Each structure stands twice: as C-alpha cells, then as structure tokens.
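Report on the structure given below.
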Amino acid sequence: MIAIASDHAGVEMKAAIVAHLQNRIIDCGPTTDDSVDYPDYAKKVVDQIKDKKADFGILICGTGIGMSIAANRCPSIRAGLCRAVLDAILTREHNDANVLCLGARTTLIDDAIKIVDVFLKTKFSDADRHTRRIDKLSTCSC
Ligand code: RB5
C-alpha cells in the first residue's frame, strides 16, 4: 500500500493521485484546502510506514521541500523531492527512497502522475556502493 498526505497547497494534486492509484492508496488527508501545517501531515504518512501499514509514502506541499525536511527527521524514512521523472528513477535506484515528495506549486499534475508511476515501479539498485551509502546515513544523525 501507499500512504499519501498533503498540506492545503497540495490537496488538488493529492486528489488526482488518489484517483489514479485507486485501491492501492491510503489517504491520510487533509480533505479540504483549509490551511494546515505540513509537519502534522508528514507525520501521518511516516507513521503508516513505521507501523508497516504502507510500503511507500507520497507527501505534497507547495514546494515539496517542507514535507521532505519533515519526513527525513525519521531515521527509517528516505524521502526524495522529485520534480522530474529522472529524479524519481535515481532516488529509487540510488537512495532506495521510500517517500516521494512533490511540489504542487512547482510541478504540473500530469507530470506528477508520471513521476509517481515511475517512482513506484523503479527498483533499488542494490549495488554495494548504494547500500554502503544508505547504511552511512545513520552517521548523519545528531
Ligand atoms: C504553504 O504555504 C507552504 O509553505 C508549504 O506548502 C510548503 O511549500 C512548505 O515547504
């Protein structure tokens, strides 16, 4: 399953992705475009992954930056902000990203759908160098 959430800026893009992924997605809100705080919604998706209710997450805010900063506070999350299909390929292959962050004010919805599809179908390249680098991410915690 895939968990998705946004802030107010990303509600329209979220709805399009939910409609596209249909029964593969857990929608963690919000349901209206009333102003909300992106860390509250990043946490909802992070918790779905931590609790093993979802394998992947999608987080949308205006730029995707706030959501990626918030999600990456959790040590088991590797959130990648993607604005192009190549970002999605490489963050899956190289970073084994488990959360895709999108910017509703920086990316068109049609492009976001393409990025989502590629992100979800691309496998991690388990080459030793990528695994070694991911293992070293914990050394960046402070
Ligand atoms: C909300 O206006 C905006 O700050 C938020 O969506 C996001 O872009 C933050 O990183």
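All values below were derived from every heavy atom in this structure, side-chain atoms included, with hydrogens, water molecules and symmetry-related copies excluded. As the structure lists them, so they are numbered: ligands from 1, and atoms in each ligand from 1. Just so we're clear, the structure is a prediction, and the values are computed from it rather than from any experiment.
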Check your understanding: Between the side chains of T107 and R83, is a donor N or O closer than 3.5 angstrom to an acceptor N or O?
Key ->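 There is no such pair between these side chains.
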When the side chains of residues 53-68 are checked against the rest of the protein, which donor-acceptor pairs come out under 3.5 Å, sequence neighbours left out?
unit_1: D55; atom_1: OD2; unit_2: M1; atom_2: N; d: 3.1
unit_1: T63; atom_1: OG1; unit_2: I65; atom_2: N; d: 3.0
unit_1: S68; atom_1: OG; unit_2: G64; atom_2: O; d: 3.2
unit_1: S68; atom_1: OG; unit_2: I65; atom_2: O; d: 2.9

Review point. With no hydrogens and no angle check, is any side-chain donor or acceptor of D7 less than 3.5 Å from a backbone partner on A9?
Key: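 Yes.
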Point to revise | Atom pair CZ (R92) and CG (D87), whose distance is rounded to the nearest 0.5 Å | key: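 CG of D87 is found 14.0 Å from CZ of R92.
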Listing, residues 31-41 side-chain donor-acceptor contacts under 3.5 Å, not counting sequence neighbours, or none:
unit_1: T32; atom_1: OG1; unit_2: D34; atom_2: N; d: 3.2
unit_1: T32; atom_1: OG1; unit_2: D34; atom_2: OD2; d: 3.4

N/O donor to acceptor pairs below 3.5 angstrom from side-chain atoms of residues 109-120, sequence neighbours left out:
unit_1: D117; atom_1: OD1; unit_2: H20; atom_2: NE2; d: 2.8
unit_1: D117; atom_1: OD2; unit_2: H20; atom_2: NE2; d: 3.0

Anything under 3.5 Å between an N or O on ligand 1 and a protein N or O? List each pair with its distance, or write none.
unit_1: ligand 1; atom_1: 2 (O); unit_2: R105; atom_2: NH1; d: 3.2
unit_1: ligand 1; atom_1: 6 (O); unit_2: D7; atom_2: OD2; d: 2.5
unit_1: ligand 1; atom_1: 6 (O); unit_2: G62; atom_2: N; d: 2.7
unit_1: ligand 1; atom_1: 8 (O); unit_2: G62; atom_2: N; d: 3.2
unit_1: ligand 1; atom_1: 8 (O); unit_2: T63; atom_2: N; d: 3.1
unit_1: ligand 1; atom_1: 8 (O); unit_2: T63; atom_2: OG1; d: 3.3
unit_1: ligand 1; atom_1: 10 (O); unit_2: T63; atom_2: OG1; d: 3.4
unit_1: ligand 1; atom_1: 10 (O); unit_2: G66; atom_2: N; d: 3.0

